[in-house]
Amino acid sequence: MATKGNSGDNRSRSSMSVFIVAGLCCFFYILGAWQRSGFGKGDSIALEITKQTDCSILSNLNYETHHVGIDDSEGVVNEFKPCSDHYIDYTPCQDQMRAMTFPRENMNYRERHCPPDEEKLHCLIPAPKGYVTPFRWPQSRDYVPYANAPYKSLTVEKAVQNWIQYEGNVFRFPGGGTQFPHGADAYINELAAVIPMDSGMVRTALDTGCGVASWGAYLFKKNVIAMSFAPRDSHEAQVQFALERGVPAVIGVLGTIKLPYPSRAFDMAHCSRCLIQWGANDGMYMMEVDRVLRPGGYWVLSGPPINWRNNYVAWQRPKEELEEEQRKIEEMAKLLNWEKKHEKGEIAIWRKQTSFDYGRGRDPQLTLCESTNADDVWYKKMELCITPYPETSDPNEDAGGAWKPFPERLNALPFRISSGSIPGVSPETYQEDNRSWKKHVNAYKRTNKLLDTGRYRNIMDMNAGLGSFAAALDSPTLWVMNVMPTIAEKDTLGVIFERGLIGIYHDWCEAFSTYPRTYDLIHANGVFSLYKDKCDAEDILLEMDRILRPEGAVIFRDHMDVLVRVSKIVRGMRWNTKMVDHEDGPLVPEKVLFAVKRYWVAGEDNSTSSE
């Protein structure tokens with residue numbers, strides 16, 4: 001069995017008789033929180049986390065209950081070798097070398113460009129030497145171990161803006177940003193004086209060009225969850241830092257392709273000196289923000305060109321250029337039916353109207369999108385048109401339904417369901433789905449006692465359905481990236497956002513837009529049945545391995561024959577598995593497979609054996 005280079009603890013990994021499946025034993029957790037995170041100024045934090053570790057988890061785990069035997073007679077397990085060390089931070093669909101072969105116009109080269117099948121890697125992405133277990137939330141908001149993302153360039157480039165500092169083998173995040181160098185709290189409170197965050201009415205946010213996502217990190221104090229994105233560019237590892245901090249983020253850019261979110265998804269969108277040319281391309285990027293913004297939603301723009309008269313010298317830009325830029329933004333906002341609610345200093349806030357009568361006094365410049373499905377966005381080109389509001393019977397009625405505060409909206413009936421917008425999904429099926437997933441999650445917790453401990457912060461649901469798995473897990477110690485497969489029979493991602501959760505469209509035949517080792521727990525319900533005839537299960541599992549942290553957990557839920565095949569593949573990937581029956585008993589054909597990815601790093605023994 002591969003061992004960590006540090007021999008400071010006489011208890012070696014080989015002394016453990018078995019890895020705990022679907023969770024980490026207390027020994028590994030303490031080792032992760034203290035030994036692996038215990039450098040320099042991180043020591044006291046790691047020690048405090050270790051004191052909070054409940055070692056009774058070890059004795060309480062029982063994986064023998066309803067254990068299903070797996071027939072190993074099909075042949076030898078195929079062992080996957082580690083990839084070369086230079087793939088440690090490999091992002092297949094945002095590979096830097098491949099990106100440079102695409103046009104730079106409108107940021108096309110920073111968009112998704114995935115390798116063809118013959119160029120896909122069939123090896124395991126290694127963790128960097130010295131990789132350690134991240135700190136628990138909320139400590140992780142402020143501290144990231146240097147070994148996990150060893151990139152110091154931002155500590156120099158953004159030094160005066162308080163983005164990130166390097167201190168004693170940990171990175172510290174003071175909470176600053178380009179527009180809020182003295183901290184995000186005061187900045188967010190200024191926004192909250194205009195935008196109803198404190199009441200729970202604003203719950204979901206989109207942060208365009210997020211940097212290290214300090215805005216999203218500090219929004220959690222107000223129970224607001226932000227989907228942050230930034231390209232993989234010269235600001236090295238910014239999205240990786242965000243996810244190491246425990247903040248939702250993906251690699252992405254406003255370029256030529258529509259954002260991978262449904263229409264009317266977010267309560268608020270935000271750009272803090274995000275370097276997006278909002279006035280360019282006839283306002284196309286503002287039209288795309290309008291598409292994903294709910295009727296009644298808010299758009300925040302801070303930084304250039306706002307307050308250009310007082311800042312053009314400091315920004316080192318011609319005042320005429322800035323004046324024209326703001327003029328175009330103001331004109332497009334008016335065309336989009338956004339009302340300016342606030343402008344002070346370098347912050348401007350607009351609000352999208354709750355309804356819009358397109359037949360009354362229609363602006364001749366207004367071109368409505370002709371597509372019958374505003375949520376059909378995967379690899380679709382952005383359009384120079386405005387997404388229509390949902391129809392209303394009364395001009396005073398809120399298009400898309402009246403807003404409900406969070407957490408009430410988590411289990412309230414979403415408008416898309418009550419209005420009959422999703423064929424085959426009724427109020428009754430929605431309530432039944434909620435009940436079923438509460439039951440499933442309770443069963444998961446009986447098996448994996450770590451689900452309620454804060455051990456898993458970044459969680460992904462690969463086939464999210466109505467978002468009921470995430471709703472059943474809801475806790476301030478975690479968040480769920482709800483993924484809607486582009487081949488799903490029903491597109492219910494809009495429902496997920498209406499519940500106050502976040503998510504994204506994705507095709508699991510391709511790599512996800514994230515760095516390696518960015519999720520603590522992955523839930524895969526029916527994923528391999530869904531993709532059975534679409535792409536190779538091995539490729540999907542290798543992608544899951546890429547994005548899962550060492551010692552991270554996976555819960556598969558599928559038919560037994562599917563899970564037997566999955567179990568055989570992952571045993572060659574340095575994963576430990578155990579299959580259990582459905583909580584309703586062994587006669588139910590659906591089973592559950594729990595798995596844990598073993599700890600190993602670059603340069604260690606290449607064997608996948610657990611011995």
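Any value given below was found using the heavy atoms of this structure, including those in side chains, with hydrogens, waters and symmetry copies removed. Note that the structure is a prediction, hence the values are computed from the model and not measured.
Rounded to the nearest 0.5 Å, atoms CE (Met286) and CD1 (Ile329) are 6.0 Å apart. Put simply, NZ on Lys381 and OG1 on Thr256 are 3.5 Å apart, with the number rounded to the nearest 0.5 Å. Taken to the nearest 0.5 Å, the OH atom of Tyr109 stands 9.0 Å off from the CD atom of Gln96. Here the straight-line distance linking atom NE2 of His523 with atom CG of Asn463 works out to 9.5 Å at 0.5 Å rounding. A distance of 10.5 Å separates CE in Met382 from CG in Leu384, rounded to the nearest 0.5 Å. One distance of note links OG1 of Thr204 with CE of Met227; it measures 10.0 Å at 0.5 Å rounding.
Side-chain contact between Ile547 and Ile522 is present, with at least one heavy-atom pair separated by less than 4.5 Å. The shortest distance between side-chain heavy atoms of Tyr505 and Met484 falls below 4.5 Å. Counting only heavy atoms from C-beta outward, the side chains of Ser140 and Glu244 never approach each other to under 4.5 Å. Side-chain contact between Ile164 and Phe171 is present, with heavy atoms from C-beta onward closer than 4.5 Å. Between Val250 and Met481, some side-chain heavy-atom pair lies under the 4.5 Å cut-off.
Note that Arg141 lies outside the cation-pi zone of Phe173, set by a 6.0 Å cut-off to the ring centre and a 45° limit from the axis.
Surrounding CD of Glu119 are more than 12 heavy atoms belonging to other residues, nucleotides or ligands, all under 6.0 Å away. No more than 12 heavy atoms of other residues, nucleotides or ligands lie within 6.0 Å of CD in Glu370, so this atom counts as exposed by the packing criterion. Other residues, nucleotides and ligands contribute only 12 or fewer heavy atoms inside 6.0 Å of the OH atom of Tyr87. Heavy atoms from other residues, nucleotides or ligands lying under 6.0 Å from NZ of Lys334 number 12 at most. For Lys340, the NZ atom counts as densely surrounded, since its 6.0 Å shell holds more than 12 non-hydrogen atoms of other residues, nucleotides or ligands.
Ring planes of Trp508 and Phe512: parallel class, angle under 30° (limits at 30 and 60°).
Ion pairing between Arg203 and Asp267 fails under the 4.0 Å rule for side-chain N and carboxylate O. Between Arg172 and Asp142 there is no salt bridge, since none of the side-chain N atoms of the basic residue sits less than 4.0 Å from a carboxylate O of the acidic one.
Taking every heavy atom of both residues into account, Gln240 and Asn148 meet most closely at NE2-O, 3.8 Å. Heavy atoms only, all atoms of each residue included: Ala399 and Thr392 are closest at CA-CG2, 3.6 Å.
For Phe220 and Trp137, the ring centers are positioned less than 6.0 Å apart.
Sorted pairs that involve residues 299-331 and meet disulfide (SG to SG under 2.5 Å), not counting sequence neighbours, are lacking altogether. Contacts classified as ring pair (Phe, Tyr, Trp, His ring centres under 6.0 Å) and involving residues 259-297 (residues at least two apart or in different chains) are given here: Tyr187-His270, Trp215-His270, Tyr261-Phe266, Phe266-Phe497, Trp278-Trp299.
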Next item on the list: Determine, stepwise, if the pair Arg549 / Asp520 fulfils salt bridge (Lys or Arg N to Asp or Glu O under 4.0 Å).
Entry: CA-CA 6 Å; Arg549 297 191 194 281; Asp520 303 301; 2.7 Å; yes
Notebook entry, point to check: Should Thr477 and Arg136 be marked as a side-chain hydrogen bond (donor to acceptor under 3.5 Å, both in side chains) after you check the CA-CA gap, both sets of side-chain angles, and the distance that decides it?
Noted result: CA-CA 9 Å; Thr477 66; Arg136 285 194 185 189; over 6 Å; no
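Between the side chain of Arg409 and the backbone N or O of Lys404 there is at least one donor-acceptor pair closer than 3.5 Å.
For Asn307, the side chain to side chain contact (heavy atoms under 4.5 Å, CB included) test picks out Asn310, Asn311, Glu346, with sequence neighbours left out.
Between the side chains of Arg264 and Thr387, no donor N or O sits under 3.5 Å from an acceptor N or O.
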